[in-house]
Structures are given as structure tokens and as C-alpha cells.
Amino acid sequence: MIELMVLSVPGCPNVPLLEQRLAEALAGRPTVRVRRVIASADEAARCGMRGSPTLLVNGHDPFAVPGTVPALACRIYQGKGGRLEGAPTVEALRRALERAGMRASRRAGATGRPGARPAPGTGLPASLPSGPAARSEGDRFR
């Protein structure tokens, strides 16, 4: 199972676009999806939000650009033809989900347990809840 968390500022106009593209990219894959609204720069830094919206796939930001720092600001993604957009393309999301699925399979094989949590420092930041508490926090995707 892939765990997805969308981090955003209150009222981010690009969250609906990301949700729409995620729904298309997921195409029936089993996932746990949580949305978390980030209200302060400190919280953005703790969660690893590099602008709004940020997608964490199994606790990792697959679209992080080296050198960018956590921010309570809008985030821009490169779209088709180099065009700037408010969310990753469906194709980019599919690639990120496929990579996450492969990493999860390798982890499960190494531990002998499907869905085993990643080692410290490789999953969700320590300040984020995991397990049932994470799924009950915030708004769920529809």
C-alpha cells in the first residue's frame, strides 16, 4: 500500500488540480490518502513542505528539487513542454507512484513483512503521525 499525504496552505487553489491528477494516476491502486493543512513556517519546515501543494509519497517528496528549502508559499511544477503548473502532470505522478511501489516491494522483501515501515529517516518525518492516527487527522480525499 502506498501512503500519500498532501501538504498545503489554507485555501491553496492548486490542491483540487493535484487531487484530480492523483485520482487519474492512481487508477485503482490501494492507497492511504491524507490531506494536512500547514499554517506556519515552523510546521512547513517540520513536515518538509517545499511549497503548496507538496505531495509526500510514503513520506518522501518525489518532486523535491535539490537546494529548495521548506516554505509556506506556492509551489510550481514543470508541466508538458516546460510549461509551469500548480501540480505535477499525471505522467509524473504515475512515475513517482511506480517508484514508490518498487521501493515498498524491496522493503517488504528485505523485512519479510509486506507494508513494513521504512527505517528511521527514510519515511515520514518524525513529527508526522503514522498509522491509524495519521489517517484520522485532517480531511480525507473524496
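The two atoms that bring G86 and P53 nearest to each other are O-CD, 3.5 Å, heavy atoms only. For the residue pair C12 and S52, the shortest heavy atom distance occurs at SG-OG, 3.2 Å. Residues M49 and L72 come closest through the heavy atom pair CE-CD1, 3.7 Å. Considering every non-hydrogen atom in both P62 and V57, the closest pair reads CG-CG2, 3.8 Å.
Side chains of V6 and L22 form a contact here, defined as non-hydrogen atoms less than 4.5 Å apart. Looking only at side-chain heavy atoms (C-beta outward), T54 and I38 stay at 4.5 Å or farther from each other. L93 is not listed as a side-chain neighbour of E24, based on a closest heavy-atom distance of 4.5 Å or more. For the pair R33/L26, a side-chain contact is recorded, criterion being any heavy-atom separation below 4.5 Å from C-beta on. A heavy-atom distance below 4.5 Å is found between the side chains of E98 and R29. Taking the side chain as every heavy atom from C-beta outward, H60 and R99 never approach each other to under 4.5 Å.
For Q20, the side chain to side chain contact (heavy atoms under 4.5 Å, CB included) partners two or more places apart in sequence, or in a different chain, are L17. The side chain to side chain contact (heavy atoms under 4.5 Å, CB included) search around A92 returns F63, P88, T89, R95, not counting sequence neighbours. With sequence neighbours left out, the salt bridge (charged side-chain N to carboxylate O under 4.0 Å, His left out) criterion links E91 to K80. Taking the side chain to side chain contact (heavy atoms under 4.5 Å, CB included) definition, one finds that T68 meets it with R50, V65, sequence neighbours left out. By the side-chain hydrogen bond (donor to acceptor under 3.5 Å, both in side chains) test, R94 pairs with no residue at all, sequence neighbours left out.
Judged as a side-chain hydrogen bond (donor to acceptor under 3.5 Å, both in side chains), not a single pair has a partner in residues 5-17 (not counting sequence neighbours). Pairs engaging residues 14-50 under the ring pair (Phe, Tyr, Trp, His ring centres under 6.0 Å) rule: none recorded [sequence neighbours left out]. Pairs of residues two or more places apart, or lying in two chains, that qualify as salt bridge (charged side-chain N to carboxylate O under 4.0 Å, His left out) and include a residue from residues 53-78 are D61-R75.
If you chain together ILVMFWY residues whose side-chain heavy atoms come under 4.5 Å of each other, V90 ends up in a group of its own.
To the nearest 0.5 angstrom, T31 atom OG1 is 10.0 Å from E3 atom CD. Within the model, atoms CZ of R36 and CG of L56 stand 10.0 Å from one another, a figure rounded to the nearest 0.5 Å. Residue N58 holds its CG atom at 7.5 Å from CG of L4, rounded to the nearest 0.5 Å.
A continuous path of Ile, Leu, Val, Met, Phe, Trp and Tyr side chains, each step under 4.5 Å between heavy atoms, connects V34 with M1, placing both in one hydrophobic cluster.
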